[in-house]
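For reference, the structure discussed in these notes is given below.
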Amino acid sequence: MKLATSQITDADFQKFREFFYRKTGMYFDDSKRYFVDKRLLERVEATGNEDFRSYFIALRFEASGQELQHLVNAMTVNETYFFREAYQFDCMVNDMLAEICKRKRPGGRIRIWSIPSSTGEEPYSIAIYLLERWAQIDNYEVEILSSDIDTTVLQAAQRGVYSQRSIQNLPKEYLQKYFRRLGDNEFQISRDLIDAVDFTRCNLSDANDTRRFRDIDLIFCRNLLIYFDDLSRRVAAEAMYDALCPGGFICLGHSESMSRISSLYNVRRFPDAMVYQKPLDGDRK
Amino acid sequence: MALRKATPPDAGTLAPDRPDDAAGWSLLLQDDSPAVRAEAAAAMATWPECAVTLGAHLLDETDERVRQALFTSLTRLADDQAAAALLPLLRSEEPRLRNGAIEALGSMPEAVGPRITTLLHDGDPDVRIFTVNLLGELRHEQVLPWLLHVLGHDPAVNVVAAAIEVLVEIGAPEHASALRAARQRFAGDPFIGFACDLAIERMEAA
């Protein structure tokens, strides 16, 4: 039986959105009502609850957090593709890494964090860029960490199977080198790349999660903060600041601006992209 | 070398002895390391009873990152105690502290609202100016009545000037009469005359 959208009342929606915001930092304005209602009703049905009220009570008092995770997975949007906003990857290999390396010993470790991971297109794009377009790759140990609040997409990222649409921006030689065709519209990324990326669940609004990320040299956090409200953006910006090494860089999506979120970072303009930088020690504002 | 699988971030990089209560985090707020103090400040956002400690620490803290963490945690708490902890900063000589307090207070209308009338009658005109600045940030249904009260009654020209500046942004043509009255009240002050005329012109053009 198909459940009616009207089963979620205005009061239910308000109550749910405040709860979800407190837990995740994600805020749904009224224009997202249809999107939220549809997914909420799917979860009400999937959990065998009679109505939103009984579902919400169960959700709030569930100790394991398992249903909250299901809900997060349902509410997050995960559409991306390889080499998206590639000008920032150009900036990485042409400028940012050169600066980072100046502060490293030969053979030292460089740590890159891609959040949100989504289904893996971004961290794997970073890996391919490094292998193909950064001449210093063999002189350093590069670690790629990738995180998402949605555990379903993390599993998909570790499977590494992509559609034609996902890989359409990839140069043909990279496709041949790093992917195996599974079917007409399916390509699997190489095991070496899957094994090179460390995927973990992380909620940027939760200090218990973000405290595990330290000594990061470069963060890609693109098109995530647009889903947050002002306060959650600040919390996220501060968590990423703590995760970065002094002098570390952060790349946001093209419509996002750190200057409007936090004054902690310096703006850096490189030929390929404008990025944000944690000040070096002694170089604080 | 080249790409290397990261060691799991929770294996060895996590500090092993993080507190699980407010008192423990309060102690870490005194740590020598700004990174530890910032972490403590962020963690204390989950304990409402920490508001007083967070606010008091703002007066002594010099590291900008830690300050921002303190403000952010008080903003997350957003209750009566958080507002009470931030209000003394309106008297600070340091603009960054004052501005941080105004920004934080501006996001907690329910906690701040009941205190606005008292603040608008503070004996220190600077505090009244910063309160008017705060009204510019506050999403509260009484903001316009409060501003109109300042226009009609505050004796200090600089406080009234600040109120005119906020009213330009949030007022409507029907508030022109209050501006004309303020202009009349400070008839000898050319700046108030200029500011009122400009405000009326902008409101009527909008």
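Here is the naming used below: chain letters follow the sequence lines, and residue numbers restart at 1 for every chain.
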Quiz item: Which atoms of B/S107 come close to chain A, meaning under 4.5 Å heavy atom to heavy atom: side chain ones, backbone ones, both, or neither?
Solution: neither

Self-check item: Structural part of A/I112 lying under 4.5 Å from a heavy atom of chain B
Solution: neither

Quiz item: In terms of heavy-atom contacts, does NZ of A/K23 have more than 12 from other residues, nucleotides or ligands at under 6.0 Å?
Solution: no

Quiz item: Given that the side chain runs from C-beta out, which part of A/R22 has a heavy atom under 4.5 Å from chain B: side chain, backbone, both or neither?
Solution: neither

Exercise. Report yes or no: does B/K5 contribute a side-chain atom to a donor-acceptor pair with the main-chain N or O of A/E143 at less than 3.5 Å?
Key: no

Quiz item: Would you find more than 12 non-hydrogen atoms of other residues, nucleotides or ligands less than 6.0 Å from A/R133 atom CZ?
Solution: yes

Self-check item: B/E93 atom CD, neighbour heavy-atom count above 12 within 6.0 Å
Solution: no

Quiz item: Can you say whether B/A69 sits under 4.5 Å from chain A via the side chain, the backbone, both, or neither, judging by heavy atoms?
Solution: both

Self-check item: CD (B/E141) with more than 12 external heavy atoms under 6.0 Å
Solution: no

Quiz item: Is atom CD of B/E137 surrounded by more than 12 heavy atoms (other residues, nucleotides or ligands) closer than 6.0 Å?
Solution: yes

Practice problem: Could you walk me through whether A/R234 and B/E103 pass the side-chain contact (heavy atoms from CB on, under 4.5 Å) test, one step at a time? | Solution: CA-CA 12 Å; A/R234 254 175 68 179; B/E103 191 184 346; 3.5 Å; yes

Quiz item: Would a 4.5 Å heavy-atom cut-off, applied to side chains only, mark A/L193 and B/L3 as touching?
Solution: yes

Quiz item: More than 12 heavy atoms of other residues, nucleotides or ligands under 6.0 Å from CD of B/E49: is that the case?
Solution: yes

Exercise. State, with a plain yes or no, whether a side-chain heavy atom of B/R4 is found less than 4.5 Å away from one of A/V142.
Key: no

Quiz item: Would a 4.5 Å heavy-atom cut-off, applied to side chains only, mark A/N208 and B/R18 as touching?
Solution: no

Practice problem: Tell me, out of A/V197, A/I110, A/I144, who's got the most heavy-atom pairs with chain B below 4.5 Å. | Solution: A/V197

Self-check item: B/R76 CZ to A/S205 OG distance, which is reported to the nearest 0.5 Å
Solution: 6.5 Å

Exercise. Report yes if the side chains of A/D242 and B/E39 come closer than 4.5 Å at any heavy-atom pair, otherwise no.
Key: no

Exercise. Could you tell me whether the side chains of A/S263 and B/Q68 share a donor-acceptor contact shorter than 3.5 Å?
Key: yes

